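What follows is one structure encoded as structure tokens, with my remarks underneath.
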Number of protein chains: 2
Amino acid sequence: MGYWLKHIKKLHANGLCPIDICMGSARKQQKIAEREEGLLTQAHELVDQVGFAGLTIDKLVKTATCSKGTIYNHFSSKEDLISALSIRSLNIVIDLFDKAIQFPGNARERALSVIFAYQLYSQLEPTLFMCVMSAKTPAVMEKTSPERLSIMQEKELQLTAVCDQLFESGINEGSLKSEIRTVADLTFAMWALSFGSNALLMNAKAAQGIDRLDQKNALLSNANLMFDGMQWQPLAQDFDYQKTWQRLEVFFAEYIELLPV
Amino acid sequence: MGYWLKHIKKLHANGLCPIDICMGSARKQQKIAEREEGLLTQAHELVDQVGFAGLTIDKLVKTATCSKGTIYNHFSSKEDLISALSIRSLNIVIDLFDKAIQFPGNARERALSVIFAYQLYSQLEPTLFMCVMSAKTPAVMEKTSPERLSIMQEKELQLTAVCDQLFESGINEGSLKSEIRTVADLTFAMWALSFGSNALLMNAKAAQGIDRLDQKNALLSNANLMFDGMQWQPLAQDFDYQKTWQRLEVFFAEYIELLPV
DNA sequence: CGTCAATTTTGACTAATCGTCATTTTAGTA
DNA sequence: TACTAAAATGACGATTAGTCAAAATTGACG
């Protein structure tokens, strides 16, 4: 692999602008970074067209303006490409979370906002959501480059940090007791519930097995169960979180408009 | 594909004995069914040896006593084989759940028993657990035969039925109110939490990212949060579920012995 | 501006793997 | 034993992943 690519691709996946690092070949690096973005976009479109099973590097080469060898300069394998898409996916979630925590309301409402954002993302970008599911699969992980694996881990840390922050603000606010469980435990619970709910919903949608569920409110319902279990004030019986959920639809209106009908 | 195989493999995957259906070629069918079991076992071992990414049909042929064509009579693709392993996996879970609901205790304790069993299984059979994760992945689903897909769906229904039953017995027992949420909603919440927790734990173990968590008690902790949120009596503050968790280790002792140290 | 070394791109090539199917073998039946 | 339906075989064609020697590009420097 080329000298610069080794560095650039990691920098870029992190969202850094390589120009800052070395002025010498700034333009070249920029071009390379842009190409990687383009390749990822094309790969995304390709998956939408032919499915994950139908994704091949040769097909990607056909749509791309560069050659196969160059693609392999960016991604060490097909699975590495999936992981790169997963990282792009995580970046989107991070952006959404950044917006979510700015929702005006008490700490528990802001936590709900994050859960709302996560569901929103899973519906806005089903393919990318599937990418992060796939990237958690051993067959993909085993063939993902170590650099990308560690980037993914770092991104996930960023996401859990947001949750940590929420619970801490709940504790500071006085609405949440910190005696029984650590913040890390609470974050794990919230994360597991969100991930599990969205994964199952996504899958159930494909299998037509969720007639028994009110999908739109499943996440709100689950979140209320969990936060009530944490004794996070105000409890669902004392507060209209349904209304919060509706306010969230307004708060995220610009994204909701993009949802497929 | 051979005439009988078409029927047999579905019957067998369902756990039915083909002998019941037609006496004519009973022995032949039995042999075919046994071979499928053998192939699955060998595939499982192969994955343990070379990883999911290294699993190939050719390697399976080498360890098997039959030819490639015969393997393709059983499994329409490599992905179909993964799904077949996933079904085997689900059968194990079903057996464990059958035992779990016999745990002596109140309804909430029995629900805890099911969650315990699920975690036990994810630790006892990490490879098979990964199979069901992989089988939920689009790349695998897209290449799985429709017959097997519907079997998987059916198996999952069986599992949710166990949860439904638990919540209903809680309602009958009087420890759980049924006004706010349907049993289906509660089952979904419990299922999402269990699946999400185990999936994340499994992944985190690989990524060494759970130093911040007491892994052994994470599931108990999460379950308590959720069941408390359901107002399922007795609440965690009024009952020593830690003790129940320990009793469960005794109840499942024969399986726990098998856990890797 | 031309030269040169360092870097990147290219796509033909190899190796590996999937999945098929014409042929052979087996099992059951009369 | 002869006959037939079903199943097993493995050589084969097709597809795909991933490589690498050679060509092209870049940018630095005299």
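Remember, predicted model here, so these are calculated numbers, not experimental data. Just so we're on the same page: letters track the sequence lines, and every chain starts at 1.
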Could you tell me the separation between the CD atom of B:Glu79 and the C1' atom of C:dC18, rounded to a whole number of Å? 10 Å
Heavy atoms only, 4.0 Å cut-off, all strands: where does B:Lys143 land among base, sugar-phosphate and nothing? sugar-phosphate
Donor + acceptor pair across side chains of B:Arg88, B:Thr41 (<3.5 Å): yes
Any idea how B:Tyr118 and B:Trp191 line up, ring-wise: parallel (<30°), tilted (30 to 60°), or perpendicular (>60°)? tilted
Among D:dA17, D:dA7, C:dT17, which is the nearest nucleotide to the side chain of B:Asp58? C:dT17
Applying salt bridge (charged side-chain N to carboxylate O under 4.0 Å, His left out), can you list everything that pairs with B:Asp98, at least two apart in sequence or on another chain? none
For the helix from C:dC1-D:dG30 to C:dA30-D:dT1, measure the angle between the helix axis at one end and the axis at the other, each built from five pairs, rounding to 10°. 10°
Give every donor-acceptor pair under 3.5 Å between a side-chain atom in residues 254-261 of chain B and any protein atom, sequence neighbours left out.
none

Return the value, rounded to whole Å, for the distance between atom CD of A:Glu36 and atom P of C:dT9. 11 Å
Say whether, by atom type as modelled, one donor and one acceptor occur between the side chain of B:Ser77 and the main chain of B:Lys143 under 3.5 angstrom. yes
Is there a donor-acceptor contact under 3.5 Å from the side chain of A:Asn198 to the main chain of A:Ser122? no
Using the side chain to side chain contact (heavy atoms under 4.5 Å, CB included) criterion, which residues pair with B:Ala100? Sequence neighbours excluded. B:Ser113, B:Val114, B:Ala117, B:Phe252
Spacing between A:Lys62 atom NZ and D:dT15 atom C1', to the nearest angstrom: 11 Å
Does A:Arg35 put a side-chain nitrogen or oxygen below 4.0 Å from OP1 or OP2 of C:dT9? yes
Heavy atoms from C-beta onward define the side chain here; which of C:dC18, D:dA8, C:dT9 lies closest to that of B:Ser67? D:dA8
When the distance from CG of B:Asp80 to C1' of C:dC18 is rounded to whole Å, what number comes out? 14 Å
Take the protein atom NE2 of B:His74 and the nucleotide atom C1' of D:dT9, then report the distance between them rounded to whole Å. 13 Å
Going by side chain to side chain donor-acceptor pair (under 3.5 Å), name the residues that satisfy it together with A:Thr137, two or more places apart in sequence or in a different chain. none
OP1, OP2 of D:dA7 versus side-chain N and O of B:Thr70: anything below 4.0 Å? no
Rounded to whole angstrom units, what separation is found between the CD1 atom of A:Ile57 and the P atom of C:dT17? 17 Å
For B:Ala184, is there any backbone N or O sitting under 3.5 Å from a side-chain donor or acceptor partner on B:Thr187? no
Taking CG from B:Leu60 and C1' from D:dT9, how many angstroms apart are they, rounded to a whole number? 16 Å
Pick out the pairs of N or O atoms, protein on one side and nucleotides 20-26 of chain C on the other, that lie under 3.5 Å.
none

Please report the distance, rounded to the nearest Å, between CD1 in B:Ile32 and C1' in D:dA6. 9 Å
Is the phosphate of C:dT9, meaning OP1 or OP2, less than 4.0 Å from a side-chain N or O of A:Asn73? yes
